[in-house]
Amino acid sequence: MPAKPAPIKKAAPKEPAPKKEEAPAPAPAEAAPAEVAPPAEVEAPPAEAAPAEAAAPAEAAPTEEKAPAEPAPEQPKAPTPPPPDEPTSEPLEVTVDDKSDTSVTITWRPPKTIPANSGLDGYTVEITKEGTEDWKAANEDLTVSCRYVIKNQTTGDRLLIRVVAVNPGGRSPPATIADPVLVKEVGARPKVRLPRFLRQRYVKKVGEKINIVIPYSGKPKPVVSWLKDGQPLDSKRANIRTSDRDSILFIRQAERVDSGSYEMCVKVDDFEDKAAIIIQIIELPGPPASIKIVDVWGFNVALEWTVPKDNGNTEITGYTVQKADKKTGDWFNILEHYARLNATISDLIMGNTYTFRVFAENKCGLSEECAVTKGEATIVKEVIDYKPTPFVEHDFTEAPKFTTVLNDRSTTVGYSTKLLCSVRGCPKPKIMWMKNKMILNNMDNPKYRMISTGGICTLEIRKPGPYDGGEYVCRAENTLGKVDTGCKLEVRKPGQADADKDKKEQ
């Protein structure tokens with residue numbers, strides 16, 4: 001076994017290139033070493049092929065030996081030819097984006113491989129009917145966009161569609177949509193998109209314009225129809241304008257007969273969608289049916305009335321009650337936005353005669369007319385026999401009484417002093433001053449001054465001397481009695497007070 005691989009090693013240098021050594025022929029020779037006969041047979045073919053393979057190197061060898069003999073710089077090298085242009089790879093992901101009854105819209109992605117030297121000029125879209133091989137270009141000129149609309153087709157045809165990328169290297173392999181494409185608009189269920197404000201009652205006043213826009217969707221284009229209260233619309237009252245995306249209900253001047261339930265229906269084949277809106281046209285209400293005076297008592301009047309026969313196509317929100325005095329005839333509001341059907345009017349003026357009226361009110365405002373009471377309410381004057389309570393005068397009489405009595409006091413010779421007390425009594429007491437039980441009279445002796453004001457009694461002694469000391473009494477007297485109050489007055493010489501103080505200290 002080790003001796004046989006030696007000839008293989010000698011034949012190996014005779015092979016022209018190492019690539020041929022990688023041929024699959026040597027592999028079986030190495031893969032079957034266990035069998036002895038096959039390796040001998042495998043070695044023979046290489047030996048026979050070796051002279052043939054060696055011939056090529058033998059012929060090439062003289063050229064290699066002659067090449068160095070020729071001067072290389074003298075032979076100019078030929079210019080390298082540019083690489084040939086190559087087409088791109090096929091476009092990717094060709095799909096149908098949209099369809100209609102006469103067109104098909106397709107999209108795709110650029111090829112994965114685009115040669116840098118040749119680039120990409122555009123795309124050709126080719127079509128043929130199912131069952132034929134007659135491919136025709138749908139676009140006359142190349143398109144650079146990755147989206148194309150194939151137009152002017154017949155509804156119901158089945159088309160095979162492919163896209164080819166084109167550059168200077170030629171056409172790429174085509175990218176074909178696997179299944180035939182039916183030329184028919186892609187169906188979508190119809191849908192009415194009712195605006196939020198129309199989901200509630202839509203209220204307008206008489207004479208106003210109505211312009212309602214309701215969007216919808218669906219494919220192919222839905223068939224739109226309108227009904228009012230289950231019946232077709234009156235073209236004299238309402239106009240319908242329908243576009244590809246919405247439908248418009250238009251009424252130039254609304255009337256109460258335009259109130260009702262409107263239904264919009266969009267239909268595609270066997271599918272349909274509906275939306276209902278309620279339109280309410282309102283106006284001012286009529287007056288209350290009647291009003292009457294139920295009762296009159298004191299300064300009050302009770303009224304009752306009934307609801308209007310015509311509410312203006314909307315609910316009554318309240319009433320306004322007014323009164324008028326027969327003397328002036330002017331009307332004044334008593335109650336506003338009043339919700340009940342009866343009321344009590346108070347604080348009327350005695351002796352006046354009143355008339356009352358009532359207006360109805362709704363969302364549009366007060367009624368133009370009113371209901372007036374047939375009768376009148378007179379507030380009668382009541383005769384009152386006034387008996388005043390007899391006046392009893394309070395008895396304020398009182399015997400004299402001193403509220404502040406006289407107090408003992410001392411003074412210095414030559415310094416004026418006053419004796420004070422206060423007294424009350426009714427009738428006003430007469431005041432009398434006495435000294436040592438002797439009546440004093442300021443008219444006879446100017447040394448004394450007696451004053452009595454507001455019950456305050458004052459005796460002023462002007463520049464008293466030592467002999468002015470003594471017992472003083474004030475007497476108050478009226479018809480109910482008399483009363484006295486007294487005190488002692490001590491008149492000291494100058495310095496006597498200090499002497500008396502020293503004696504007390506000793």
Side-chain angles (χ1 to χ4, degrees), residues 297-300 327 346-352 379-506:
W297 74 99
F299 301 96
N300 309 303
K327 295 180 181 179
S346 304
D347 300 330
L348 301 176
I349 299 175
M350 182 180 295
N352 288 359
I379 309 302
V380 182
K381 291 183 178 180
E382 296 181 1
V383 179
I384 300 175
D385 185 11
Y386 177 67
K387 295 180 180 180
T389 304
F391 176 73
V392 179
E393 186 177 358
H394 183 72
D395 185 10
F396 291 98
T397 58
E398 183 182 6
K401 180 180 179 182
F402 283 100
T403 55
T404 302
V405 297
L406 295 175
N407 295 320
D408 297 341
R409 61 176 305 170
S410 62
T411 186
T412 304
V413 174
Y415 289 89
S416 297
T417 187
K418 292 181 180 180
L419 301 179
L420 299 173
C421 64
S422 61
V423 65
R424 72 181 184 187
C426 186
K428 183 179 179 180
K430 181 180 179 181
I431 305 301
M432 181 185 304
W433 288 91
M434 295 180 291
K435 175 188 175 185
N436 298 330
K437 299 182 180 181
M438 298 292 294
I439 298 175
L440 299 177
N441 189 349
N442 58 354
M443 299 297 295
D444 298 338
N445 191 350
K447 180 182 285 291
Y448 301 104
R449 183 185 179 192
M450 290 172 271
I451 303 172
S452 179
T453 303
I456 305 299
C457 303
T458 304
L459 175 61
E460 182 180 357
I461 304 172
R462 301 176 180 176
K463 296 182 180 180
Y467 55 87
D468 289 324
E471 183 179 357
Y472 288 84
V473 175
C474 178
R475 175 174 294 176
E477 182 178 2
N478 65 5
T479 56
L480 298 178
K482 63 180 179 180
V483 64
D484 295 341
T485 181
C487 68
K488 292 182 179 181
L489 177 64
E490 181 182 1
V491 181
R492 299 178 180 180
K493 295 180 181 180
Q496 183 177 353
D498 295 338
D500 293 342
K501 184 177 179 181
D502 293 341
K503 288 181 181 179
K504 288 181 181 181
E505 291 178 356
Q506 291 176 1

How long is the span from the [atom1] atom in [X] to the [atom2] atom in [Y], to the nearest 0.5 Å?
X	Y	atom1	atom2	value
Met450	Leu440	CE	CG	5.5 Å
Lys430	Glu477	NZ	CD	7.5 Å
Cys474	Asp484	SG	CG	8.0 Å
Arg475	Ile439	CZ	CD1	7.5 Å
Glu398	Arg424	CD	CZ	4.5 Å

Using a 4.5 Å cut-off on heavy atoms from C-beta on, say whether the side chain of [Y] contacts that of [X].
X	Y	result
Lys463	Ser416	yes
Leu420	Thr404	no
Arg409	Thr417	yes
Ile461	Tyr448	yes
Val405	Cys421	no
Asn300	Ser346	yes

Looking at every non-hydrogen atom in both residues, tell me the closest pair between [X] and [Y] and how far apart they are.
X	Y	answer
Pro400	Asn478	CD-OD1, 2.9 Å
Pro446	Arg462	O-NH1, 3.6 Å
Gly465	Val413	CA-CG1, 4.2 Å
Gly469	Val491	N-CG2, 3.7 Å
Cys487	Asp408	CA-OD1, 3.2 Å
Val423	Ala476	CG2-CB, 3.7 Å

So with a 6.0 Å cut-off around [atom1] of [X], is the heavy-atom count from everything else above 12?
X	atom1	result
Leu480	CG	yes
Lys435	NZ	yes
Asp347	CG	no

Report task. For Asn436 and Glu471, indicate whether the former's side chain and the latter's backbone hold a donor-acceptor pair under 3.5 Å. Result -> yes
Query raised in the report: Salt bridge or not for Lys488 and Glu490, using N-O below 4.0 Å?
Result: no
Report summary line: The single option from Leu459, Thr458, Thr485 that satisfies side chain to side chain contact (heavy atoms under 4.5 Å, CB included) with Leu419 is Leu459
